[in-house]
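Given the structure is predicted, the values throughout are model-derived calculations rather than measurements. Below, read A as the first sequence line, B as the second, and so on, with proteins coming before strands; counting in each chain starts at 1.
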There are 2 protein chains.
Amino acid sequence: MKSKTEDLRPNGRPGRALDAFDRTILAALSTDARLTYAEIGERAGLSAPAVHERVRRLRESGVLQGTTACLDARAIGKPFLAFVHVDADGWGKSQRMMTLRRFPEVEEMHSVAGDTCVILKVRTQDAQAMEHFLSQLYVLPGVRGTKSYVVLSTYLERAIQPEVTAHWPEVPLPPE
Amino acid sequence: MKSKTEDLRPNGRPGRALDAFDRTILAALSTDARLTYAEIGERAGLSAPAVHERVRRLRESGVLQGTTACLDARAIGKPFLAFVHVDADGWGKSQRMMTLRRFPEVEEMHSVAGDTCVILKVRTQDAQAMEHFLSQLYVLPGVRGTKSYVVLSTYLERAIQPEVTAHWPEVPLPPE
DNA sequence: CATGAAATGAGGACCTG
DNA sequence: CAGGTCCTCATTTCATG
């Protein structure tokens with residue numbers, strides 16, 4: 001009936017791997033974080049306490065890092081969005097990058113491979129606020145330059161989509 | 001379906017501007033969407049039913065679009081992240097862009113100003129899956145080319161930060 | 001403020017290894 | 001036999017008119 005026997009994961013750190021129940025729960029919470037445990041259990045085929053226990057473990061293990069509200073950017077007064085490519089020296093070791101965490105307008109920050117070092121996702125009230133942020137950015141040592149891509153329209157913006165149909169776990173090594 | 005061209009300014013009915021209570025509530029829900037109405041009310045200085053009513057209105061007006069879970073990308077088997085710049089012809093009118101919504105690996109999609117047309121945020125299981133996605137992308141008519149920035153490390157990734165301290169609404173025009 | 005619903009804790013049964 | 005996970009039931013807390 002149910003096959004929980006899929007705990008063969010070389011990823012020894014975070015306990016066991018996610019089974020189909022976990023993925024269904026995470027997918028449900030991904031669409032609506034305020035779903036009732038009973039409602040989630042209905043989708044997943046579990047009772048409410050069982051879902052509650054699994055959610056607790058998922059939170060504990062760090063798989064479920066938290067829940068957040070999705071807000072209308074224009075309504076809260078931050079309609080100006082841009083991706084800023086930062087060209088810099090010595091970003092690798094410096095924790096100076098973390099200084100940018102203090103700016104609430106910075107939503108994302110990734111070091112990347114390519115013709116730039118860091119990509120920032122920055123959301124501000126308007127162009128003037130963006131300019132002010134960039135001026136602050138250039139104060140940081142090591143910043144050689146930036147290249148900004150101002151967003152004209154956002155066609156899609158959503159959270160990570162967990163694949164419920166697990167077509168990834170097994171190693172595709174054909175035994176003979 | 002909601003049109004993208006909606007109230008840009010407080011037109012009276014469709015939703016008056018957010019007050020400090022609303023922003024505090026939204027900020028609280030932004031940190032944890034499963035907070036109790038009583039807990040939110042404690043932060044905002046309101047009773048639980050008052051918070052409940054305001055949240056209902058915020059949902060109704062579209063300011064609060066929903067709630068979602070924040071998941072560990074590695075834990076759910078999608079550790080490979082890239083920003084894909086798409087160079088294309090005639091993206092403006094075509095709804096072909098919306099075809100990409102069907103790909104669960106596409107998390108964001110923006111048309112931008114700059115030396116590219118569209119920026120995609122794409123998260124896959126591995127490089128092979130990313131290559132497969134790109135091959136699908138090139139099938140779309142009008143796609144001239146792509147430039148991908150593979151993320152090496154993610155230093156920050158968070159939701160919109162509503163400014164609780166409202167320093168934005170009025171124009172700071174200095175006298176004379 | 002009151003009522004119904006949901007979250008959460010405890011105990012016992014089942015499957016797995 | 002041991003460990004873990006699920007279910008049912010009961011109580012506290014919360015959502016909601």
Between [X] and [N], does any side-chain N or O lie under 4.0 Å from OP1 or OP2?
X	N	answer
A/Arg57	D/dT5	yes
B/Arg56	D/dA15	no
B/Arg34	C/dA7	yes

**Request:** Applying side chain to side chain donor-acceptor pair (under 3.5 Å), name anything that partners B/Ser30, two or more places apart in sequence or on another chain.
**Result:**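 In terms of side chain to side chain donor-acceptor pair (under 3.5 Å), with neighbours along the sequence ignored, B/Ser30 is linked to no residue.
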Side-chain polar contacts of residues 134-141 of chain A - donor-acceptor pairs under 3.5 angstrom, sequence neighbours left out - could you list them?
residue  : atom : partner  : partner atom : Å
A/Ser135 : OG   : A/His132 : O            : 2.5
A/Gln136 : NE2  : A/His132 : NE2          : 3.2
A/Tyr138 : OH   : A/Thr146 : N            : 2.9
A/Tyr138 : OH   : A/Thr146 : OG1          : 2.9

What side-chain donor-acceptor pairs closer than 3.5 Å can you find for residues 102-110 of chain B, not counting sequence neighbours?
residue  : atom : partner  : partner atom : Å
B/Glu107 : OE1  : B/Arg123 : NH2          : 3.4
B/Glu107 : OE2  : B/Arg123 : NE           : 2.7
B/Glu108 : OE1  : A/Lys121 : NZ           : 3.0
B/Glu108 : OE1  : B/His110 : NE2          : 2.7
B/Glu108 : OE2  : A/Lys121 : NZ           : 2.9
B/His110 : ND1  : A/Thr154 : OG1          : 2.9

**Request:** For DNA chain C, find the residues of residues 35-53 of chain B with a heavy-atom distance under 4.0 Å and give them by number; none if there aren't any.
**Result:**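 When residues 35-53 of chain B is checked for heavy atoms under 4.0 Å from DNA chain C, the hits, listed by number, are B/Pro49.
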**Request:** Grab the CZ-C1' distance between A/Phe21 and D/dC6 for me, whole Å please.
**Result:**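 Answer to the nearest Å: 10 Å.
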**Asked** Separation of A/Arg54 atom CZ from C/dA7 atom P, in whole Å?
**Response**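 Computing the A/Arg54:CZ to C/dA7:P distance gives 17 Å.
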**Item:** Pair B/Arg56 + B/Glu60, salt bridge at N-O below 4.0 Å
**Value:**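 Salt bridge between B/Arg56 and B/Glu60, a charged N being under 4.0 Å from a carboxylate O: yes.
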**Request:** Check salt bridge (Lys or Arg N to Asp or Glu O under 4.0 Å) between A/Asp32 and all other residues, then give those that pass, not counting sequence neighbours.
**Result:**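 Expected list: none.
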Indicate every side-chain donor-acceptor pair of residues 45-52 of chain A with a distance under 3.5 Å to a residue at least two apart or in another chain.
residue : atom : partner : partner atom : Å
A/Ser47 : OG   : A/Ala50 : N            : 3.4

